[in-house]
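Computed from heavy atoms alone, side chains included, the values below leave out hydrogens, waters and symmetry copies. Owing to the predicted nature of the structure, the values given are computational and were not obtained by experimental measurement.
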Amino acid sequence: MTSSNFYDVIIVGGGPVGIALGIELGLNQVKTLVLEKHARPLKMPRAQSLSARTMEFFLRWGLDKELEKNLLLPKTLPQTGIWCSTLCGETYFVTAWGDNQLQENASPKEGVRVPIWVTEEVLRTRLLSFTTIDFLKEHEVQNAWIENDSVVVESYDKKNKIAKMHKASFLACCDGVAGPTKKIFNNVYSKLSDQTKMLGTMFISKELMNLKTVPDGIMYFVLAEGAMAFVGPIDLQEGLWLAQIVLNNSEQTPDESTLSSIIDKIVGVPIDKKIVDYYIWDMQVQIADFFNLDNRIFWLGDSAHAFAPTGGLGLNTAFGDAHNLGWKLAAVINKKASLGLLSTYAKERYPVWLSNLNFARKNAEEFLEIKKKYPPDLDYKAYTMAYADLGNRYLSSSGLTLGYAYFDSTLTQLLPAQSQDNNPFEYLPKCEPGYFLPHVLYRGTTIYNHLSATEWNLIISNQEKVQTAEVEACLSSKDLHILKVEANTYPYSYILIRPDWHIARVGQTLAGVSGSIQEIFQCV
């Protein structure tokens with residue numbers, strides 16, 4: 001067994017979430033090791049929808065334009081979801097997709113539809129630009145444990161066929177539902193919904209886009225009897241499509257001929273096709289038993305929570321995990337905060353996870369009620385119409401993807417009668433402690449282009465001639481990025497913003513936010 005260098009952080013799992021966390025740490029010059037068991041991004045028909053908030057994260061990482069350049073679907077394709085009997089059958093509902101029905105100027109970005117492997121390639125390119133990051137592919141984690149004030153990880157280098165030992169101050173587990181860290185540390189899931197067997201597949205059909213009779217869109221919710229599925233184009237030039245098919249109590253993966261027949265039922269007529277890949281997976285709403293072990297080991301993404309694919313909440317919630325934990329790890333490692341800061345990761349994220357998971361669970365529960373009220377074997381048309389109406393209502397979840405706030409945290413100033421009561425179906429920007437700073441135009445572009453991603457930010461929104469030195473002295477911090485904006489840009493004259501761009505304190509006078517950043521950290 002060979003030993004590697006000592007790192008500040010080891011990340012298990014080099015998928016999109018692990019890489020996003022690596023980028024956050026790279027921005028802060030944190031020495032990081034990423035261990036990934038696969039040689040290249042997996043082409044999977046899942047996690048294709050990125051919310052407007054996730055695209056704001058990509059803007060933060062300097063990747064939004066690069067990702068938008070690599071979209072495989074044309075921008076002219078309507079950003080809609082279609083509820084239908086088959087792709088050549090009856091249309092029930094046409095609705096705007098997710099964050100693409102935001103109020104004007106609610107965000108500088110729109111949600112996008114992009115294959116997960118394209119997202120991952122764009123993220124990997126950015127990750128490899130940091131000299132403080134080591135990215136080891138084809139390294140499978142076999143064991144891990146806490147040893148004194150460090151974490152030890154054993155991995156197997158599949159390419160060179162040797163075992164390796166790695167050490168770090170912290171471990172971040174981004175290895176998914178079936179990753180090794182959940183078993184190693186006995187971090188099991190609590191199940192929040194019943195299990196549904198799903199058949200995921202990708203197939204190529206050059207004729208399907210022109211053959212279908214329902215309207216154009218980016219996702220189709222097909223309610224064909226015996227072939228319910230989520231279907232959507234991935235790359236129209238190649239003719240690549242995805243389908244997530246609900247299996248009826250089947251434990252066995254169908255052969256390719258049977259799958260081809262199911263796809264024909266979904267389309268409504270036989271089509272020429274090539275099956276690229278297919279597999280069975282369990283769709284179930286779940287949450288891990290714990291997310292932080294001794295402030296040394298942390299779980300993010302699917303290793304912390306598992307979603308149903310409806311609503312596009314899974315990967316977007318996971319990116320929020322990396323965004324929240326990254327700057328906190330960096331603050332502790334760079335000796336800007338005490339170890340206790342890391343306890344706020346799970347404390348802040350858990351209400352977000354629970355809210356999003358319960359939203360998914362409620363959708364599932366209402367679906368079961370529809371099946372009881374309209375048994376599909378007795379009145380399939382009534383059942384499909386009721387289910388389509390339900391899905392139409394649940395398709396937009398911008399109040400969840402953008403409207404969440406961190407209240408239950410010592411980092412957040414509590415205001416009287418403050419509560420998170422946002423509508424899950426609609427995003428209303430709020431300039432209040434705990435919320436993500438609302439987008440405004442500043443010097444001709446979004447203010448997000450001017451915020452620091454590594455330092456605390458102070459926005460001064462009045463006409464007072466305040467000197468930078470005075471502000472720094474008042475806040476007792478040199479690591480402070482100051483922006484002066486026009487009066488009444490925001491409802492408060494002074495807004496203190498965390499490195500992740502969530503608001504910590506607000507006030508009409510400098511004294512109102514003069515509690516130092518160090519004092520905030522001393523509370524954790």
Notebook entry, point to check: Can a donor-acceptor pair be found between the side chains of D175 and T181 at a distance below 3.5 Å?
Noted result: yes
Next item on the list: First locate atom CG of L259, then atom OH of Y278, and finally report the distance between them rounded to the nearest 0.5 Å.
Entry: 7.0 Å
Note to self: Do the side chains of D500 and R498 get close enough for a salt bridge, i.e. N-O under 4.0 angstrom?
What the structure shows: yes
Next item on the list: Working to the nearest 0.5 Å, report the span between CD of Q286 and CG of D302.
Entry: 10.0 Å
Margin query: For F291 together with F298, are the ring centres under 6.0 Å from each other?
Written below: no
Item checked: Neighbour count >12 (heavy atoms, 6.0 Å) for atom NZ, K164 -> yes
Notebook entry, point to check: Between the main-chain N or O of P233 and the side-chain N or O of Y220, is there a donor-acceptor pair closer than 3.5 Å?
Noted result: no
Next item on the list: Taking the six-membered ring for Trp and the single ring otherwise, decide whether the centroids of Y404 and H502 are under 6.0 Å apart.
Entry: yes
Check: What's the shortest heavy-atom distance between R124 and G14, and which atoms?
Finding: NH2-O, 3.8 Å
Notebook entry, point to check: Closest approach of G340 and N295, non-hydrogen atoms and distance?
Noted result: CA-ND2, 4.2 Å
Item checked: Distance, nearest 0.5 Å, that separates OG of S107 from OH of Y448 -> 6.5 Å
Notebook entry, point to check: Within the distance-only criterion (no hydrogens, no angle test), does the side chain of S355 pair as donor or acceptor with the backbone N or O of V352 below 3.5 angstrom?
Noted result: no
Item checked: Exercise: identify the closest heavy-atom pair between K43 and W117 -> CA-CE3, 3.3 Å
Item checked: Backbone N/O of D277 and side chain of T201: donor-acceptor pair under 3.5 Å -> yes
Note to self: Would you say H305 and D321 are linked by a side-chain donor-acceptor pair, where the criterion is simply a distance under 3.5 Å?
What the structure shows: yes
Margin query: On a heavy-atom basis, which atom in A386 and which in I370 lie closest, and how many Å separate them?
Written below: O-CD1, 3.5 Å
Next item on the list: Give the intermediate values and the outcome of side chain to side chain contact (heavy atoms under 4.5 Å, CB included) for residues W241 and I263.
Entry: CA-CA 11 Å; W241 289 71; I263 293 173; over 6 Å; no
Checklist line | Other residues, nucleotides, ligands: >12 heavy atoms within 6.0 Å of Y156 OH | finding: yes
Note to self: Please evaluate residues L63 and F57 with respect to the criterion side chain to side chain contact (heavy atoms under 4.5 Å, CB included), reporting the C-alpha separation (whole Å), side-chain torsions for both, the decisive distance (0.1 Å), and the verdict.
What the structure shows: CA-CA 9 Å; L63 294 174; F57 295 160; over 6 Å; no
Margin query: Main chain of S51, side chain of N316: is a donor-acceptor contact present, judged purely on distance under 3.5 Å?
Written below: yes
Checklist line | N187 backbone acceptor or donor facing K182 side chain under 3.5 Å | finding: yes
Next item on the list: Step by step, work out the side chain to side chain contact (heavy atoms under 4.5 Å, CB included) result for R296 and S169.
Entry: CA-CA 7 Å; R296 290 287 166 191; S169 297; 4.0 Å; yes
Next item on the list: Using atom types as modelled and distance alone, determine if a side-chain donor or acceptor of N148 lies under 3.5 Å from a backbone N or O of S150.
Entry: no
Notebook entry, point to check: Rounded to the nearest 0.5 Å, how far does CZ of R53 lie from OG of S398?
Noted result: 10.5 Å
Margin query: Restricting to non-hydrogen atoms, name the atom on A330 and the atom on L25 that form the minimum distance, rounded to 0.1 Å.
Written below: N-CD2, 4.4 Å
Notebook entry, point to check: Is the backbone N or O of L354 less than 3.5 Å from a side-chain atom of N358, with the two atoms forming a donor-acceptor pair by type?
Noted result: yes
Notebook entry, point to check: So which heavy atom on E348 is nearest to which on L411, and how close?
Noted result: OE2-CD1, 3.9 Å
Item checked: Distance-only polar pair, side chains of N28 and E24, donor-acceptor under 3.5 Å -> no
Notebook entry, point to check: Rounded to the nearest 0.5 Å, how far does CG of L35 lie from CG of D134?
Noted result: 10.0 Å
Check: If only atom types and distance count, is the side chain of T32 paired as donor or acceptor with the main-chain N or O of V30 below 3.5 Å?
Finding: yes
Next item on the list: Run the salt-bridge test on E56 and R60 with the 4.0 Å N-O cut-off and return the result as yes or no.
Entry: no
Notebook entry, point to check: Which residues pass the ring-ring contact (aromatic ring centres under 6.0 Å, His included) test with F185, sequence neighbours left out?
Noted result: W299
Item checked: Spacing of CG belonging to L27 relative to CH2 belonging to W61, to within rounding of 0.5 Å -> 9.0 Å
